There are 2 protein chains.
Amino acid sequence: MGRIPRRRSQKERSAETSSRLMAATIDLLHDRGITRATTPDIARAAGVSRGALTHHFPTRETIITASIANMLHLVNEDMRRFGKAFAESGGSSDEIVDYLWKVMSDRLFYVTMEYLPEARHNDEFKAQLVPVVREFHAGLDAIWTELAARTGADPEHTRNVMNATMCCIRGMIAQTILRQDQDYYEGLLRFWKEQVRQQFPGKAAGTAKKTRKRTAE
Amino acid sequence: MGRIPRRRSQKERSAETSSRLMAATIDLLHDRGITRATTPDIARAAGVSRGALTHHFPTRETIITASIANMLHLVNEDMRRFGKAFAESGGSSDEIVDYLWKVMSDRLFYVTMEYLPEARHNDEFKAQLVPVVREFHAGLDAIWTELAARTGADPEHTRNVMNATMCCIRGMIAQTILRQDQDYYEGLLRFWKEQVRQQFPGKAAGTAKKTRKRTAE
DNA sequence: ACTTACAAACAATCAAGCCTGTTTTTGAAG
DNA sequence: CTTCAAAAACAGGCTTGATTGTTTGTAAGT
């Protein structure tokens, strides 16, 4: 029989609805793009009414910025976990590149490309995102710094290498939209790993006999 | 008194109007973004009526794709010219990086970021752009190949270095939208030039005593 | 009872495509 | 060289459709 769903507190209801709305927003941002992610669509995707949406997020911009902030927080946590695990297990730098590629190309940067143009033309929207992104980048920097400390590499040099890696991956992902060329990306990524490996002369070279792929798929 | 403007042929009128419309389209794509670049705005910016626009370009997509194709052709020509001049004068690889950064960050990649997301969600739009972009990339590849031939470097290696450079620049420009941090970009660019220089061991190292900044600003 | 969460209808806005006129150019006949 | 009808270039209004923010009404929790 239909069990009567336990009486939930307001906080629980509110938090769950918000979460579902934000998740649906990111899904739509990724799947249909920011212009097609309309408030009726978001509400429908989240399985709630548009009224519920407007109750939690008064304007469309509000829910989008909240969703982005939420997404970046989650990604940052995941990255921190990876960084910690990596430092402890002490793998090859290839694994870092593979991990970053995976995380970035699995929605993150596609979603980013949806809102960046809007941020460029909408000052209010931009103002809300700048601190969020700043925190994200600060989180990254902390991970790179810790990585440098663990591997004994120069911190600034490590930051440069990792930031360049991130930028390179961003540029590649941008290209994937209009350039379907698996060989191109694989070749470039292989080349890049080689470069990164040479930047961590001390330890990485030894551990990496090949590329023990575990994270990549 | 008002001189009667010389009687122009249909071809002249048509070509000029089209050009103005396409130029206005790119301007608006850059200045206000693809969603805000409405057909009334484009017509107004070009100084023609909306009727004229619909006469030359039946749909909004048509004028946008045409404008992008036109822009990429112009950029490709400019790059070819630079490549030729560079090969003849034989400068440092730093100059290549500076040039690419300048070209890409002077509207080109910002405009690109406007239409990439749309292409990701609009198959028809994408289908029209794929060949255009393919040609653009082919043009780039030709330039890299010629560069390798002139400097005596390995062609594939050169392509990898230059493609990585392009991707890195793309990623950096994407960041510029939400991360205002001149030092960060300058530092990263300096680091990158260093890397590139090391990839052209034969000639570049000599010419570049320091970094003769001329193009960057 | 009172506040919070949710539902759904409403009004104003605005862009895209279509369609109907008007002007300019063409080219061919007289 | 002039005339004139057809075609191309251009101007601007109209309709439809979709979206956002607002508002009013209802149910669930405190």
Side-chain angles (χ1 to χ4, degrees), chain A residues 2-25 28-29 32-67 114-115 118 121-122 124-125 128, chain B residues 2-22 24-25 28-29 31-67 114-115 118 121-122 124-125 128:
Chain A
R3 287 197 55 214
I4 292 161
R6 188 177 70 68
R7 180 186 167 106
R8 295 178 305 163
S9 73
Q10 301 262 53
K11 263 193 180 171
E12 282 173 321
R13 286 186 12 164
S14 184
E16 195 196 315
T17 307
S18 286
S19 283
R20 290 175 61 176
L21 281 167
M22 289 192 288
T25 301
L28 283 176
L29 245 44
R32 297 192 212 164
I34 194 168
T35 56
R36 286 171 244 265
T38 67
T39 46
D41 282 343
I42 293 172
R44 202 174 309 127
V48 303
S49 73
R50 236 198 107 221
L53 190 157
T54 65
H55 173 71
H56 290 279
F57 304 95
T59 76
R60 181 172 175 269
E61 263 183 39
T62 313
I63 189 175
I64 290 179
T65 52
S67 304
E114 295 293 333
Y115 66 77
E118 176 65 18
H121 303 289
N122 184 336
E124 208 166 327
F125 186 64
Q128 289 178 306
Chain B
R3 289 196 53 216
I4 292 160
R6 190 178 68 69
R7 180 186 166 105
R8 294 178 305 163
S9 73
Q10 302 261 49
K11 263 193 181 169
E12 282 173 320
R13 287 189 6 166
S14 184
E16 196 196 315
T17 306
S18 286
S19 283
R20 291 174 60 177
L21 281 166
M22 288 191 290
T25 301
L28 284 175
L29 243 46
D31 295 344
R32 297 193 212 162
I34 194 168
T35 56
R36 286 170 244 265
T38 67
T39 47
D41 282 342
I42 293 172
R44 202 174 310 127
V48 303
S49 71
R50 243 199 98 222
L53 190 156
T54 64
H55 173 70
H56 289 280
F57 304 95
T59 76
R60 181 171 175 270
E61 264 183 39
T62 313
I63 190 177
I64 290 180
T65 52
S67 304
E114 294 294 334
Y115 65 76
E118 176 65 18
H121 302 290
N122 183 335
E124 210 166 324
F125 187 64
Q128 288 178 307

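So that the names make sense, note that chain A is the first sequence line, chain B the second, and so on, each numbered from 1. Remember, it's a predicted structure, so these values are computed and weren't measured experimentally.
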[X] side-chain proximity, nearest of [options]:
{"X": "B:H56", "options": "C:dG17, D:dC10, C:dA7", "answer": "D:dC10"}
{"X": "B:H55", "options": "D:dA9, C:dA16, D:dG21", "answer": "D:dA9"}
{"X": "A:S49", "options": "D:dT19, C:dA5, C:dC6", "answer": "C:dC6"}
{"X": "B:T59", "options": "D:dT19, C:dC6, C:dG17", "answer": "C:dG17"}
{"X": "A:T54", "options": "D:dT22, D:dA9, C:dA15", "answer": "D:dT22"}
{"X": "A:S14", "options": "D:dC10, C:dA5, C:dG17", "answer": "C:dA5"}

(message) Taking B:R36 first and then B:D41, would you say they form a salt bridge - that is, a charged N and a carboxylate O separated by under 4.0 Å?
(response)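 No, B:R36 and B:D41 are not salt-bridged.
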(request) Kindly say if A:R60 contacts the phosphate of D:dT20, meaning a side-chain N or O under 4.0 Å from OP1 or OP2. (result) yes
(request) Nearest whole angstrom, please: distance from the P of D:dA8 to the NZ of B:K11. (result) 13 Å
(request) For B:F57 and D:dA9, give me the distance from atom CZ to atom C1', rounded to whole Å. (result)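 Taking CZ of B:F57 and C1' of D:dA9, I get 13 Å after rounding.
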(message) Please determine whether the number of non-hydrogen atoms from other residues, nucleotides or ligands lying under 6.0 Å from atom CD of A:E61 exceeds 12.
(response)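 Counting neighbours around CD of A:E61, more than 12 heavy atoms of other residues, nucleotides or ligands fall under 6.0 Å, so yes.
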(request) Could you give me the CA-CA distance, side-chain angles and deciding distance for A:H55 and A:R50, then say whether side-chain contact (heavy atoms from CB on, under 4.5 Å) is met? (result) CA-CA 9 Å; A:H55 173 71; A:R50 236 198 107 221; over 6 Å; no
(message) Heavy atoms only, 4.0 Å cut-off, all strands: where does B:P40 land among base, sugar-phosphate and nothing?
(response)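 Sugar-phosphate contact only.
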